[in-house]
Amino acid sequence: MTPRTRLAPSPTGEPHIGNMYVALFNWAFARQTGGQFLIRIEDTDRSRFVEGAEAMILEALQWLGLDYDEGPDRGGPVGPYRQSQRLEIYREHADRLLAAGHAYRCFCTAERLKELRQRPPQAGQAAGYDRLCRALDPAESARRAAAGEPHTVRLAVPLEGETRFADGLRGEITIANAMVDDQVLIKSDGFPTYHMAVVVDDRLMGVTHVIRAEEWITSTPKHVLLYQALGWELPQFYHVSLIRNPDRSKLSKRKNPTNVLWYRREGFLPEAVVNYLGMLGHSMPDQREIFTLAEFREAFSWQRVNTTGPVFDMDKFEWLNGEWIRRMPVEDLAARLRSEGFMPAGLPDAYVPGAVKLMQPRLKRLKEFADGVAFFVSRLPYEPALLIPDKKGKPLHTAAETCDALARMRAALAALPGWTAAALEPGMRSLAADLGWKHAELYTTLRVAITCRRISTPLFETMEILGREECLARVDGAIEKAQALA
RNA sequence: GGCCCUGUCGUCCAGCGGUUAGGACAUAGCCCUCUCAAGGCUAAGACACGGGUUCGAGUCCCGUCAGGGUCACCA
């Protein structure tokens, strides 16, 4: 039997990076073993349902290249793939459990349960429900239910003993049954809880490997008990570590952006996202840190998966994104800037190849491109004083000298036989010598004249791209500004 | 607090009984250099603590401590 894995997100908001992390492991394992990877939407909580959330999750998976074999939008042999469409199935299984005495109806009110929860907890005892309704006579219970009295269905957890299961990552885990609450299986609105639905669906959908986050470990005994009560064989469990905030708490959007689509909007490449997630809690056999999704899929091994919770490090993530940007052929980068919506509308096509080439080693996020090339798009306003070179705020030349220097530059530029970076640089360097300026000083003035900023892409290559006419016009503008200063 | 999971540089990852404990990000310095980057070189920086087992422990066992998770008619 080939492995079947699944991602079971609940459509309650934006696609979470932690979900994608778990998805990556599920995907890699399934793809590597020739198995299937499916998506099941866990929408059993009507109060938390968010319209459009499902679509965003699927969009995020697609963006990252984590393709799936079966899911809500593409169907499959064991559908439907939304739990809200499977209510009858859960009901039937709950009835089976009821009939076998593995579950019972609970008529306790929400108020009563709330009070119970406020009672001080006892050592070694589960904090939850006091099992009052467990003592109800089944016939009486059935009569009340038939009469329409609201109720839930609860799992009758063994009062003694312990439940154990093997975790593929952590070995055998044992939890005393006394610590396990009589979990609600079917809510009073007829919807199943996660615990009921996940077991029934994983079984019915043929899921062989349950790969999910560490936070589920302590509720796994409930699931194991359910598998046993229904007479089913256990799947293989793998609980991967939770990604952490810098303070080591569970990654949360209060402390870190967690929406994958946010990273997309910031200009992170999907290649970098899966690469970064793939190096959290997992290492490549040869210690390589930069790898493709395909390479990850090939090399993925449970033996190389860590059980410690990695801290999400934005600095390293950005570095990695920069690496991916730099490794991309210039034409591909330009195409990507366009397709991801980071190409400024006003940037002339003729400038694009050159501008992209010059920006490539300077980008950590695609989003930074627009700002970096803003002066290519238009002549930006700037403080005239920027034209005067200074050292720690102290001007090295007067406004008049700067004005003169600009005029000399203009003449030299206009007379230059060729218009290439290779020709521009020596021309300006010798002019600096003539003027008695350090060439870096002259370049500063020229840089501001051309790019309207003190920090820019390399000056002469930028000028080559802009062309003689545009550069002369910008120098003219600078001369005017410098004159006003003098 | 009970229970469960985890514990190698600030961070991510190597190490799977014998290593000068290695690499990456970040940090600092130097080089390159028209600014900013990128790139190159160098530096600093870790086995939580205490007991065992063993000729020998970062690696195995136990305890302590620390961090995290979980204790819903949420997933």
Side-chain angles (χ1 to χ4, degrees), chain A residues 8-12 42-45 47-48 106 108-110 113-114 117 120-129 150-154 167 169-170 173-176 178-181 183-189 191-195 197-198 213-221 239 241-242 244 246-250 276 279-290 303-304 306-320 322 326 358-364 372 425 428-429 432 438-444 446-448 451 453-461:
Chain A
S10 72
T12 53
E42 311 238 323
D43 56 347
T44 56
D45 184 352
S47 65
R48 294 211 308 156
C106 173
C108 292
T109 62
L113 296 175
K114 194 177 169 193
R117 239 173 282 127
Q122 286 176 286
Q125 280 293 311
Y129 183 53
H151 64 277
T152 62
V153 175
R154 284 181 186 272
D167 184 290
L169 242 24
R170 299 160 199 266
I173 294 175
T174 305
I175 294 177
M179 297 306 303
V180 183
D181 198 12
Q183 181 61 46
V184 169
L185 265 18
I186 303 286
K187 305 182 231 180
S188 55
D189 64 4
F191 277 66
T193 57
Y194 169 82
H195 306 286
V198 77
E214 183 186 12
E215 56 189 331
W216 295 107
I217 290 178
T218 44
S219 48
T220 303
H239 289 96
S241 294
L242 253 7
R244 315 293 184 88
D247 68 1
R248 298 209 168 269
S249 56
K250 173 163 85 167
Y276 184 63
M279 66 197 265
L280 290 183
H282 183 270
S283 59
M284 296 297 264
D286 60 359
Q287 278 280 86
R288 164 170 48 132
E289 293 201 288
I290 299 181
Q303 297 209 355
R304 305 197 66 82
N306 259 160
T307 44
T308 49
V311 170
F312 190 92
D313 182 355
M314 190 63 95
D315 284 336
K316 187 152 190 176
F317 189 18
E318 284 198 308
W319 163 78
L320 191 62
R326 269 169 254 133
L358 295 185
M359 283 303 293
Q360 186 171 35
R362 295 172 168 72
L363 294 174
K364 283 205 180 82
E425 213 275 334
M428 290 302 100
R429 189 178 288 261
K438 287 184 177 161
H439 65 268
E441 294 164 14
L442 194 77
Y443 293 176
T444 294
L446 185 56
R447 180 186 310 283
V448 173
T451 73
R453 293 180 185 176
R454 279 287 176 85
I455 294 173
S456 76
T457 47
L459 181 56
F460 301 107
E461 285 158 279

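Just so we're on the same page: letters track the sequence lines, and every chain starts at 1.
For the P atoms, the distance linking B/C55 with B/U6 amounts to 30 Å, nearest Å. Across the P atoms, B/C49 and B/G7 are found 15 Å apart, a figure rounded to whole Å. For B/A24 and B/G40, the P atoms lie 10 Å apart once the distance is rounded to whole Å. For the C1' atom pair drawn from B/U53 and B/C61, the interatomic distance equals 7 Å after rounding to whole Å. Across B/C30 and B/A37, the matching P atoms stand 14 Å from one another, rounded to whole Å. Taking the C1' atom of each, B/U33 and B/C41 are spaced 16 Å apart, rounded to whole Å. Separating the C1' atom of B/C9 from that of B/A48 is a span of 14 Å, rounded to the nearest Å. The C1' atoms of B/C71 and B/G50 are separated by 32 Å, rounded to the nearest whole Å.
As a whole-Å value, the separation of A/Glu461 CD from B/U33 C1' is 12 Å. Atom pair A/Lys187:NZ and B/A75:C1' shows a separation of 9 Å (rounding to whole Å applied). One can place CZ of A/Arg288 at 16 Å from P of B/A24, the figure rounded to the nearest angstrom.
Residue contacts for A/Thr44: at a heavy-atom cut-off of 4.0 Å it reaches the sugar-phosphate backbone alone, with no base atom in range. When heavy atoms are screened at a 4.0 angstrom cut-off, A/Arg429 is found touching the sugar-phosphate backbone but no base atom. A/Leu446 comes within contact range of no nucleotide atom at all, as no heavy-atom separation falls under 4.0 Å. In this structure, A/Leu242 reaches the sugar-phosphate backbone alone: every heavy-atom distance under 4.0 Å involves primed, P, OP1 or OP2 atoms, never a base. Counting any heavy atom pair closer than 4.0 Å across all strands shown, A/Lys250 reaches sugar-phosphate atoms only and no base atom.
Map A/Ser219 and A/Ala176 each onto its nearest nucleotide of RNA chain B; the residue landing nearer the 5' end is A/Ala176.
Side-chain N/O atoms of A/Arg453 include none lying less than 4.0 angstrom from OP1 or OP2 on B/U35. At B/C36, none of the side-chain N or O atoms of A/Arg454 fall inside 4.0 Å of OP1 or OP2 (strictly under the cut-off). Within the structure, every side-chain polar atom (N or O) of A/Thr12 is placed at least 4.0 Å from both OP1 and OP2 of B/C74. Phosphate proximity of B/A38 to A/Lys364: absent, as no side-chain N or O sits under 4.0 Å from OP1 or OP2.
Across the strands present, B/C30 finds its partner in B/G40; the criterion is a Watson-Crick or G-U wobble pair with both atom distances under 3.5 angstrom. Using Watson-Crick or G-U wobble geometry with both donor-acceptor distances under 3.5 Å, B/U11 finds its partner in B/A24. Pair assignment for B/G63: B/C49, on the basis of Watson-Crick or G-U wobble contacts that are both within less than 3.5 Å. Under the Watson-Crick and G-U wobble criteria, each requiring two contacts below 3.5 Å, nucleotide B/C3 is paired to B/G69. Figure legend. B/G18 is base-paired to B/C55; pairs are counted as Watson-Crick or G-U wobble with both atom distances under 3.5 Å.
Proximity note for A/Ile175 (side chain, C-beta onward) versus B/C34, B/C73, B/C4: the nearest is B/C4. Distance from the side chain of A/Ser249 is smallest for B/G68 among the nucleotides B/A37, B/A75, B/G68. The side chain of A/Thr218 lies closest to B/C3 when the candidates are B/A75, B/C34, B/C3. The side chain of A/Met179 approaches B/C3 more closely than any other nucleotide in the set B/A75, B/C34, B/C3. Here B/U35 is the nucleotide among B/U35, B/A37, B/C73 with the atom lying nearest to any side-chain atom of A/Ser456. In the set B/A26, B/U35, B/C34, B/C34 carries the atom at the smallest distance from any side-chain atom of A/Tyr443. The nucleotide whose nearest atom lies closest to any side-chain atom of A/Tyr194 is, among B/A75, B/G69, B/C34, B/A75.
A/Asp189 has no carboxylate O lying under 4.0 Å from a charged side-chain N of A/Lys187, or vice versa, which leaves the two without a salt bridge.
Ring planes of A/Phe312 and A/Phe317: perpendicular class, angle over 60° (limits at 30 and 60°).
Every side-chain hydrogen bond (donor to acceptor under 3.5 Å, both in side chains) that A/Glu318 has, sequence neighbours left out, goes to A/Arg365. Remark: A/Ser283 engages A/Arg304 in a side-chain hydrogen bond (donor to acceptor under 3.5 Å, both in side chains) (not counting sequence neighbours). For the side-chain hydrogen bond (donor to acceptor under 3.5 Å, both in side chains) test, residues two or more places apart in sequence or in another chain that qualify with A/Ser241 are A/Arg170. Among residues two or more places apart in sequence or in another chain, the side-chain contact (heavy atoms from CB on, under 4.5 Å) test is passed with A/Arg248 by A/Arg244, A/Val311. Partners of A/Pro458 by side-chain contact (heavy atoms from CB on, under 4.5 Å), not counting sequence neighbours, listed by chain and number: A/Leu358, A/Arg362, A/Glu461. Among residues two or more places apart in sequence or in another chain, the salt bridge (charged side-chain N to carboxylate O under 4.0 Å, His left out) test is passed with A/Arg453 by A/Asp371. Scored by the side-chain hydrogen bond (donor to acceptor under 3.5 Å, both in side chains) test, A/Glu215 finds A/Lys250 as partners (sequence neighbours excluded). Applying the ring-ring contact (aromatic ring centres under 6.0 Å, His included) test to A/His282 and every residue at least two apart in sequence or in another chain returns A/Phe296, A/Phe300. Checked against salt bridge (charged side-chain N to carboxylate O under 4.0 Å, His left out), A/Lys438 has no partners two or more places apart in sequence or in another chain.
A donor-acceptor contact shorter than 3.5 Å is absent between the side chain of A/Asp181 and the backbone of A/Gln183. A donor-acceptor pair under 3.5 Å links the side-chain atoms of A/Thr193 to the main chain of A/Val184, judged by distance alone. For the pair A/Tyr276 (side chain) and A/Asp313 (backbone), a donor-acceptor distance under 3.5 Å is present.
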List every contact pair, protein side and nucleotides 57-59 of chain B side both N or O, where the distance is under 3.5 Å.
none

At a cut-off of 3.5 Å, list every protein nitrogen or oxygen paired with a nitrogen or oxygen from nucleotides 39-41 of chain B, distance to 0.1 Å.
residue, atom, partner, partner atom, Å
B/G39, OP1, A/Glu323, OE2, 3.2
B/G39, OP1, A/Arg326, NH1, 3.4

**Request:** Take A/Asp45 and A/Arg48, measure what salt bridge (charged side-chain N to carboxylate O under 4.0 Å, His left out) needs, and give me the verdict at the end.
**Result:** CA-CA 6 Å; A/Asp45 184 352; A/Arg48 294 211 308 156; 3.6 Å; yes

**Item:** Annotated protein contacts, base or backbone, on nucleotides 5-15 of chain B with a non-hydrogen cut-off under 4.0 Å, one of B, S, - each
**Value:** SSS---SBBS-

